[in-house]
Amino acid sequence: MGVALRDIIADYKTPVTWEALSGIAAIDANNALYQFLTIIRQPDGTPLMDRQGRVTSHLSGILFRIANFMEKGIKPVFVFDGKPTELKQATIDERRKLRDTAGIKWKEAVERGDEAEAYKQARSSTRVDATIIATSKELLGLMGIPFVQAPGEGEAQASYMVVKGDARYVVSQDYDTLLFGAPMLVRNLTVSGKRKIRGRQITVSPERIVLADTLAGLKLTREQLIEIGILVGTDFNPGVEGVGAKTGLKIVQKGEFAAKLAEKQPDFDPSPVMDMFLHPPVTDDYSLAAGHPDAEGIRKMLCDGYDFSPERVDKAMEGFTVKAGQKTLESWF
DNA sequence: CCACGAGA
DNA sequence: TCTCGTGGG
């Protein structure tokens, strides 16, 4: 997922406290939902479901995470993906294939009682489908949390909103946002600080990546960072085999981006990909006005509709209904 | 992922 | 008070 720039970005990540993050956060909604759906599962891979078998992992994730955000003075704005560009088609097809295969392997692993494998395959079979998107928007609406419909990539729209000053930073796990020009990216914005990697639990904390500092440190222009992305591979192009972030950085620093592509992929024209990152479709047609949380509506949806425990929902709402109510009196712009 | 209770 | 394990839906 996303562009594999971690190895060259690592030096420019700085730990950040929750207090330093108050303000409007543009959340890469697809990324957040994907995280919820992959991670909020039982050990055998089964997601949270209501009695009808409808998946509820994402609703649980949204409710509790937003409650935490609001308590810490973070005002989230969810930015949803619009229509994918044709450049992304190969990636979309490939991901679907991987998901389908994983779905089959998941079932097989469950049948032979291989729990670890089942969990792994279940995660790989995760899809953020239309129902997930619609139910997420329904809950956000009830919570009074604004959301924006991007014309194209949500990451591009979220980045644009930070550039405009409508939001302070983008929240995503993907480095693509930096290629889209997000001045600040925040990763690992979770309260628990725990993440399971290959069965082991490690501690992660929120980290901030400032684009200008990263570019200055690497002595690159944003265009050059995109060039590295193109060499490594993005959602919009396959990349050059055998070139990772560090090799890509060397190639670009030596000014050999065009030569390397001409040698390895003579039929590939990188300019549409470059253009996609520099001038993606974005919109100014959005409102960041927060609504009042509809406590009764939230209870009706989650407890009556999806079998959530009223005690837990009320407890979560305590945190944000009061605070959110106060905040709405102020300007959200 | 997050909340919560058990145990140290 | 903190860490760890488990259930949540």
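Please read all numbers here as calculations on a predicted model, not as lab measurements. As a basis for the values below, the full set of heavy atoms in this structure was taken, side chains included, without hydrogen atoms, waters or symmetry mates. Naming convention: chains lettered A, B, ... in sequence-line order (proteins, then strands); numbering from 1 in each chain.
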Just how far, in rounded Å, is [atom2] of [N] from [atom1] of [X]?
X        : N     : atom1 : atom2 : value
A:Glu71  : B:dC2 : CD    : C1'   : 12 Å
A:Leu189 : B:dC1 : CG    : P     : 11 Å
A:Asn68  : B:dC1 : CG    : C1'   : 10 Å

Going by an N to O cut-off under 4.0 Å, is there a salt bridge joining [X] and [Y]?
X        : Y        : result
A:Arg96  : A:Asp93  : yes
A:Asp7   : A:Lys246 : no
A:Arg299 : A:Glu296 : yes

Residue A:Arg99 excluded, over 12 heavy atoms near CZ under 6.0 Å: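 Counting neighbours around CZ of A:Arg99, more than 12 heavy atoms of other residues, nucleotides or ligands fall under 6.0 Å, so yes.
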Do A:Leu178 and A:Leu21 belong to the same hydrophobic cluster, where Ile, Leu, Val, Met, Phe, Trp and Tyr are linked whenever their side-chain heavy atoms lie under 4.5 Å apart, directly or via other members?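 Different clusters: A:Leu178 never reaches A:Leu21 through Ile, Leu, Val, Met, Phe, Trp or Tyr contacts under 4.5 Å.
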Distances for protein N or O near nucleotides 7-9 of chain C N or O, under 3.5 Å:
residue, atom, partner, partner atom, Å
C:dG9, OP1, A:Ser309, N, 2.9
C:dG9, O3', A:Thr56, OG1, 2.9
C:dG9, O3', A:Tyr306, O, 2.7
C:dG9, N9, A:Met49, O, 3.4
C:dG9, N2, A:Pro47, O, 2.6
C:dG9, N2, A:Met49, N, 3.1
C:dG9, N3, A:Met49, N, 2.7
C:dG9, N3, A:Met49, O, 3.0

